[in-house]
Amino acid sequence: MAGYTLEDPERPVQIAGDPAAETDIKTYTPGDAAVKQQTAEKATLIADQIREKAGQAAQLVRDNAPDPVLDKTSQAAAQVWESATRAGQYAVDKTPESLLEKAETAATIARVNRTPLLIAGAVVLALVLVRRRRARRQ
């Protein structure tokens, strides 16, 4: 781990006997936080500008599109929404009650044990990638 002196708080110093100090990890300096802060602010500013331009473009399309086109678009969107709702309800109606209960139980267990499941998924993914890489080498 790096420490800082009062004489020069920008320059990190190594702490003797610290195993973390002997690793190859980049040493954190107080300037890093300022750079991260500036980057985050710039990213927020750019994202806001993009949102504003997209909103202006959408408004321009709305203003220049004829009313019948807008009406048909909104009707089509409503029809797609209704169709998706009906398809979902049909799937629920046709699914056996026991399967729905098992799915609900599995979802509850997954919500409660989210971290271990994510770790297990990452491990499985890593194993699959390693096996794939080894298979390609042979």
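No experiment lies behind these values; they were computed from the predicted model shown.
Side-chain contact of Gln75 with Asp71: a donor-acceptor pair under 3.5 Å is absent, judged by distance alone. Inspection of the Gln59 and Arg62 side chains reveals an N or O donor paired with an N or O acceptor under 3.5 Å.
Among residues two or more places apart in sequence or in another chain, the salt bridge (charged side-chain N to carboxylate O under 4.0 Å, His left out) test is passed with Arg111 by none.
With a 6.0 Å radius and a threshold of 12 heavy atoms from other residues, nucleotides or ligands, Glu41 has its CD atom above the threshold.
Across every non-hydrogen atom of Leu117 and Ala110, the tightest pair is CD1-CA, 3.4 Å.
In this structure, CG in Leu118 is found 10.5 Å from CG in Asn113, a value given to the nearest 0.5 Å. Gln56 contributes atom CD, which lies 5.0 Å from atom NZ of Lys53 (distance to the nearest 0.5 angstrom).
Residue pairs that meet the side chain to side chain donor-acceptor pair (under 3.5 Å) test with at least one member in residues 94-109, sequence neighbours left out, do not exist here.
Arg136 has its side chain out of reach of Arg133: every pair of non-hydrogen atoms, C-beta onward, lies at least 4.5 Å apart.
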